[in-house]
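Have a look at the structure below, then the notes.
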Amino acid sequence: MEFFQSIIIGIVQGLTEFLPISSTAHVRIIPALLGWNDPGAAVTAVTQLGTMVAVLIYFRQDIWTLTLAGITSVFQFNQRKQWNAERLHQIKLFWFIGLGTLP
């Protein structure tokens, strides 16, 4: 795969990731429409990894805040009456995300 093709596939992945249709399909369809070879599963995996890293970087402050709230809630559970509404919301959100991730 050429560098230019990689750039195009990365742009397509980034633009279509948050649409309610498969971005992986776009990574396969665009090369087929342009007459390129199938990029393969490795390219798809790397583009998905790149998207995940971008999301983690973008939401790093929120992730850190929720993680810190959740961890401190375990160690400071006996002080729960002193938590303000915002802190309580962060703690609930942390635990509900964790619970929702289990299935």
Side-chain angles (χ1 to χ4, degrees):
M1 172 176 286
E2 294 181 21
F3 183 72
F4 175 73
Q5 292 174 344
S6 299
I7 296 292
I8 297 300
I9 289 174
I11 290 170
V12 168
Q13 168 69 22
L15 292 175
T16 61
E17 180 62 34
F18 297 103
L19 295 176
I21 51 178
S22 176
S23 61
T24 305
H26 288 100
V27 171
R28 293 189 49 98
I29 291 171
I30 295 298
L33 291 176
L34 297 175
W36 302 340
N37 292 332
D38 179 19
V43 172
T44 303
V46 169
T47 58
Q48 295 288 338
L49 183 63
T51 302
M52 183 184 73
V53 169
V55 168
L56 290 175
I57 289 171
Y58 184 81
F59 288 110
R60 68 186 177 277
Q61 186 62 43
D62 294 334
I63 293 169
W64 175 251
T65 301
L66 293 177
T67 303
L68 192 60
I71 291 172
T72 57
S73 73
V74 172
F75 296 108
Q76 297 176 353
F77 186 74
N78 58 346
Q79 299 172 5
R80 65 187 177 275
K81 293 182 181 184
Q82 298 172 359
W83 295 337
N84 61 20
E86 181 180 351
R87 187 66 166 183
L88 187 58
H89 175 72
Q90 293 169 349
I91 291 168
K92 285 181 179 180
L93 189 56
F94 172 83
W95 289 109
F96 287 151
I97 289 172
L99 185 63
T101 303
L102 289 177

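Just so it is clear, the model here is predicted, and its values are computed rather than measured. One is the number of the first residue; the rest follow in order along the sequence. We use all heavy atoms of the structure for the numbers below, so side chains are in, but hydrogens, waters and symmetry mates are not.
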If you look only at pairs with a residue in residues 39-68, which of them pass as a salt bridge (charged side-chain N to carboxylate O under 4.0 Å, His left out), with sequence neighbours excluded? none

Students should find that the hydrophobic cluster of I57, defined by side-chain heavy atoms under 4.5 Å apart, otherwise consists of V53

When the side chains of residues 1-12 are checked against the rest of the protein, which donor-acceptor pairs come out under 3.5 Å, sequence neighbours left out?
from: Q5; atom 1: OE1; to: E2; atom 2: N; distance (Å): 3.2
from: S6; atom 1: OG; to: E2; atom 2: O; distance (Å): 3.2

Exercise answer: donor-acceptor pairs, residues 88-103 side-chain atoms, under 3.5 Å, sequence neighbours excluded:
from: W95; atom 1: NE1; to: S73; atom 2: OG; distance (Å): 3.1
from: T101; atom 1: OG1; to: I97; atom 2: O; distance (Å): 2.6

Test of understanding: with side chain to side chain donor-acceptor pair (under 3.5 Å), list the residues that count as partners of D38, not counting sequence neighbours.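 For D38, the residues satisfying side chain to side chain donor-acceptor pair (under 3.5 Å) (neighbours in sequence not counted) are R28.
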
Non-neighbouring partners of [X] that pass side-chain contact (heavy atoms from CB on, under 4.5 Å), sequence neighbours left out:
| X | result |
| --- | --- |
| L56 | M52, I63 |
| N84 | E86, R87 |
| A25 | S22, I29 |

Which donor-acceptor pairs under 3.5 Å do side chains of residues 42-49 form with protein atoms, sequence neighbours excluded?
from: T44; atom 1: OG1; to: G40; atom 2: O; distance (Å): 3.2
from: T47; atom 1: OG1; to: V43; atom 2: O; distance (Å): 3.3
from: T47; atom 1: OG1; to: T44; atom 2: O; distance (Å): 2.8
from: Q48; atom 1: NE2; to: T24; atom 2: OG1; distance (Å): 3.0

